[in-house]
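What you see is a predicted model, and the numbers here were worked out from it, not measured in a lab. Counting starts at 1 for both ligands and their atoms, following the listed order.
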Amino acid sequence: MYSAGCIWMLLIAVGCASVGLTQAYSALQDARIIAEYRRQLGLNHTKIARELVHRANWAAVGSISTNDVVNGYPMVNIISIDDNNLKGKSSGIIRFMLTDLDFTGPDWQNDNKVTFMFTDEQTLNCKNTNKDPMEPTCARVIISGQVIKVPENSPSFKQEQAIFINRHPAAANWIKVHAFYLCELDIQNIFVLDFYGGPHKVSASDYYAINI
Ligand SMILES: *[C@@H]1O[C@H](CO)[C@@H](O)[C@H](O)[C@H]1NC(C)=O
């Protein structure tokens with residue numbers, strides 16, 4: 001017959017043995033660490049910034065609120081974006097449409113400071129590779145700058161607007177009904193988070209210079 005004490009000893013022994021086993025060796029965990037290490041060696045922060053921007057149909061955009069209820073708070077919004085050039089390739093130029101009937105429109109005109117956030121999770125790449133969206137290995141690109149309203153009489157205005165509508169067909173209606181206007185981001189700073197150890201700063205000129 002086992003005494004109660006014996007059963008406890010047995011349970012503890014089994015518990016220790018299983019903990020010991022997982023700590024001793026996990027082929028899966030090793031493979032994951034090696035894959036992550038290899039990935040880190042090959043990280044090209046500038047390229048990651050351009051790729052995330054190009055793949056995204058939208059960005060989360062922060063501005064300094066002018067709304068009566070939350071005046072001075074950071075405000076966020078979802079803004080549809082596109083960086084295609086005439087040939088349908090990535091230009092890196094972030095184009096978007098704003099209206100003064102929404103949050104971001106009045107905010108930038110009061111204090112022209114906005115920040116665009118892109119994450120690899122927008123295309124579910126992190127979920128599909130078992131990464132939490134907040135882990136640094138789930139790549140993130142944070143781009144701050146000033147809004148530039150594209151003048152309607154600029155030579156390329158019509159073409160640029162047509163390219164945007166090509167990716168966001170609903171925009172054709174926004175322009176008619178809610179007085180949306182085409183904008184570009186004048187990039188001041190780019191932070192890229194793609195691994196442990198803090199963000200990398202990428203200059204706007206390096207960002208625009210590469211071909212992806
Ligand atoms: C990053 O990638 C771009 C585009 O492929 C390439 O032009 C550039 O040289 C790469 N930079 C580094 C540091 O590898």
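In terms of protein heavy-atom proximity, atom 5 (O) of ligand 1 is nearest to Lys47 CD, 3.8 Å. Atom 13 (C) of ligand 1 has as its closest protein heavy atom Asn44 ND2, 4.5 Å. Here the heavy atom of the protein found nearest to atom 7 (O) of ligand 1 is Ile210 CG2, 4.0 Å.
By the 30° and 60° cut-offs, the orientation of the rings of Phe116 relative to Phe118 is parallel.
One N or O on the side chain of Asn128 and one on the backbone of Leu124 form a donor-acceptor pair closer than 3.5 Å.
By the criterion of a heavy-atom distance under 4.0 Å, the backbone of Asn211, and not its side chain, is placed next to ligand 1.
Using modelled atom types and a 3.5 Å distance limit, the side chains of Asn189 and Ser144 yield no donor-acceptor pair.
When distances from atom 11 (N) of ligand 1 to the protein are checked, a heavy atom turns up under 4.0 Å.
Under the 6.0 Å distance and 45° angle rule, Arg50 counts as a cation-pi partner of Tyr207.
Across Ile143, Ile142, Asp206, Thr46, a single residue satisfies side chain to side chain contact (heavy atoms under 4.5 Å, CB included) together with Ile190, and that is Ile143.
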